[in-house]
Amino acid sequence: MALINVASREIHCKIVYWGTGYCGKTTNLQYIHRQAPQNARGNLLSVATESERTLFFDFLPLDLGNVHGFRVRFHLYTVPGQVLYERTRIAVLNGVDGIVYVADSAQEKLEENYQSLVELETNVRQMGKDLATFPFVMQWNKRDLPDAVPVAVLDRYLNRRKASAFEASAVNGQGVFSTLRAICKGVMARL
Amino acid sequence: MEHLTQLVVSESELGNIARILGRLTMETGGSHVLLLDKSGQLVSAQGQTDQRDIIALGALLAGAFSSSRQVAEILGEKDFRHILQQGVHESIYTSLIGEQWLLVVVFDRQTHVGLVKVLARKSAEDLERVLERVRSGGAQIKDKVVNVHFRDSVANTIDKLFQD
């Protein structure tokens, strides 16, 4: 839930990156952490396993600085993507203001992408919200794969709501910031 | 267009919150007391907060609390509304306020956890009343701050900071 603190003149919003295991959620945040201006971001916090799979969440605070006298902050989170962490994903989604759905463009991941999206829709509905009217952006990641599913197929299969969608190769940084700009603006538009 | 649910904390209410947290810090002898939104965002803090990464602490504590509520569901419990994390030197007591905020007390071995629980419960009652007023009073204040010009300025800042 967005927090507007008039006394301390701060606005805080929470954005969650959602998707299957290994789809590139953490890679998105790692790229943002590396490339964003130092004064616009904090430390990247990762609660992960020894093999660097996300166990709980990654957390990256962004600070836009002073805008009309208010400090605007976006807190970015990723969920753990592996199947066994379903309940943990619900916990991380708590209080979310905007969601980025990261799809893995690999052929063999199409069904998993779909199941992950269904799970997200269910969880958002249980929060009393509707993904159709919620700040929501899709990222078609791993476009650099030689056997990447065509975007038109991903769009038809996964994006029936016709949300804004961005092609990306997060490991190279492509599409990461355009996705971020879109979701941040989407959240602000609904505030 | 459906608007995001928001909480708008006014100056007067933040003053009330600061007083309640300050009193709790003093009475428990805690090193610091935090009030967090359940999403992990910091609403207010009192005590020796400059020595800690409060932003990361808020995110982690809210995540842990949120996770514990999922555990409660699996166990068939209605809810877990309090968590105690005990360390060697310091401990953390977290309690849920009105399904929205988390009251966090960080205290050392000099303070007995029973005292923290009793005092935190009293502060929680006061904070619930604040939360009720915050919930009901926010829309007008918000509209003064978040207008078209503000949104445009934020959008420009986003474009400037996060360029490809």
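In what follows, chains are A, B, ... by sequence order, proteins preceding strands, each numbered from 1. These values consider heavy atoms only, across backbone and side chains, with no hydrogens, waters or symmetry-generated copies.
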Engaged part of [X] at the chain A interface, taking heavy atoms whose separation is under 4.5 Å:
X        : value
B:Leu60  : both
B:Glu13  : neither
B:Asp164 : both
B:Val148 : neither

With side chains defined as the heavy atoms from C-beta onward, is the minimum distance between [X] and [Y] less than 4.5 Å?
X        : Y        : answer
A:Ile11  : B:Val154 : no
B:Phe162 : A:Leu64  : yes
A:Glu10  : B:Gln41  : no
B:Gln70  : A:Thr88  : no
B:Phe65  : A:Asn94  : no

Is a side-chain donor or acceptor of A:Asn5 paired with a backbone partner of B:Val43 at a separation under 3.5 angstrom?
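Side chain of A:Asn5 to backbone of B:Val43: a pair is present.
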Between B:Arg151 (side chain only) and A:Met188 (backbone N and O only), is there a donor and an acceptor less than 3.5 Å apart?
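Such a contact is found between B:Arg151 side chain and A:Met188 backbone.
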Where on A:Arg41 is there a heavy atom nearer than 4.5 Å to chain B: the side chain, the backbone, both, or neither?
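No part of it gets close to chain B.
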Check each atom of A:His75 against the heavy atoms of chain B and say whether the ones under 4.5 Å are side chain, backbone, both or neither.
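Contact with chain B involves the side chain of A:His75 alone.
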If I compare all heavy atoms of A:Leu191 with all of B:Val146, which pair ends up nearest, and what's the gap?
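Answer, listing the atom of A:Leu191 first, then B:Val146: O-CG1, 4.0 Å.
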